Colleague: 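Please find one structure pasted underneath; my questions will follow.
Since we're looking at a predicted model, the values are computed, not measured. So that the names make sense, note that chain A is the first sequence line, chain B the second, and so on, each numbered from 1.
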Protein chains: 2
Amino acid sequence: MDIFDRRILRALQKDSQRPIAELARDIGLSTSACHRRIKLLEENGLIRGYAAQIDRTALGLKLQVFVEITLSSQAREVLEAFETAVTRFDDILECHLTSGHADYILRVVARDMNDYADIHRECLSRLPNVASMQTIFTLRPVQQWRGYPIRDAD
Amino acid sequence: MDIFDRRILRALQKDSQRPIAELARDIGLSTSACHRRIKLLEENGLIRGYAAQIDRTALGLKLQVFVEITLSSQAREVLEAFETAVTRFDDILECHLTSGHADYILRVVARDMNDYADIHRECLSRLPNVASMQTIFTLRPVQQWRGYPIRDAD
DNA sequence: CGTGAAAGCGAAGCGCT
DNA sequence: AGCGCTTCGCTTTCACG
């Protein structure tokens, strides 16, 4: 992991479809050297994959919501049952076990308020051991899709 | 936006590097038809770009944090000043204006607790008009990087 | 809008330094 | 490790149904 790898990651995080030759010139490397480094970064798991970034609103998903979940118990089986159930919901994009007063925080998308009301009901009925669900609507995304900061100094 | 476009988006969201010929066979289209559709999806802005997915922990970013921010005022200039300042922080990956008791929710990454303490201080000193900052640490990511749900029924 | 084939280009692999 | 060349495969485009 040197300066060149960092430059490669920074670039690929922004745009993974630029020709390697172009990228190589920008960072001061030959095409083949750059190519080999990329393959190594993939093999070593630093690059987990490549994905198209889709416009959420163009899909008709106007709402983005954070949901704070508190369970009725923090027993291991309860957490596991909840987490398994969570993965079955396509609308739940992310789920994090958290510190603080709530147990989990979810990121959920929905078409509109009616759609979210449905999802909300579905969650209450099919996610086990939920004691409370606190919904936080995002009114406006200020900053989105920013890649991870990759600093030269490690 | 028909069934084929949806299948294309679903596929590209998971892996944008598969050969088009392969993808086309999977969804039941010829290579060129599939290719034309992809270019159209790009032109129409449904596909905003292509990005490498980097392993956060491999970068040494062990911590992921949600921060709820309450400002001292909800005046337009105050919000704008805050939002402009937010974009200057590389460690703040996302920022959403939200409903509820707080004004904003941020997603922040950090190397470790010391690093986060630094970031926290930096935020308090350089983000204007912050009345309170509530930190929520994510202890374990349960679900990550799931693409948007793309339903056949619209 | 879909198909099939042809051409142009970048990615992948090689020997060498 | 880096470089330059060659090969191969995919993307891209075209003429046509």
Colleague: Mark yes or no: A:R126 above the aromatic ring of A:F89, with NZ or CZ under 6.0 Å from the six-membered ring centre and no more than 45 degrees from the axis.
Modeller: yes
Colleague: Mind calculating the distance between CG (B:D5) and C1' (C:dG2) to the nearest angstrom?
Modeller: 14 Å
Colleague: Closer to the 5' end of DNA chain C via nearest nucleotide, is it A:P19 or A:R36?
Modeller: A:P19
Colleague: Does a nitrogen or oxygen in the side chain of A:H35 sit under 4.0 Å from OP1 or OP2 of C:dA12?
Modeller: yes
Colleague: Are B:D55 and A:R48 close enough for a salt bridge, meaning some N to O gap below 4.0 Å?
Modeller: yes
Colleague: If I take atom CZ in residue B:R25 and atom C1' in nucleotide C:dT3, what distance separates them, rounded to the nearest angstrom?
Modeller: 15 Å
Colleague: Is it the case that the base of C:dG4 and the side chain of B:S30 share a donor-acceptor contact (distance under 3.5 Å, atom types as modelled)?
Modeller: no
Colleague: Using atom CZ of A:F4 as one end and atom P of D:dC3 as the other, report the distance to the nearest whole Å.
Modeller: 8 Å
Colleague: If you compare every side-chain N and O of A:R37 against the phosphate oxygens of D:dG2 (OP1, OP2), does one of them come in below 4.0 Å?
Modeller: yes
Colleague: Of the nucleotides C:dG4, C:dA12, C:dG13, which one has an atom closest to the side chain of A:K39?
Modeller: C:dA12
Colleague: How many Å lie between CD1 on B:I20 and P on D:dT11, as a whole number?
Modeller: 5 Å
Colleague: What is the distance, rounded to the nearest whole Å, between atom CG of A:D15 and atom P of C:dG10?
Modeller: 14 Å
Colleague: Would you kindly give the CD-to-P distance between B:Q17 and C:dG10, to the nearest whole Å?
Modeller: 15 Å
Colleague: Do the side-chain N and O atoms of A:H120 and A:E122 include a donor-acceptor pair separated by under 3.5 angstrom?
Modeller: no
Colleague: Please determine if A:D15 and A:R18 form a salt bridge, counting it only when a charged side-chain N lies under 4.0 Å from a carboxylate O.
Modeller: no
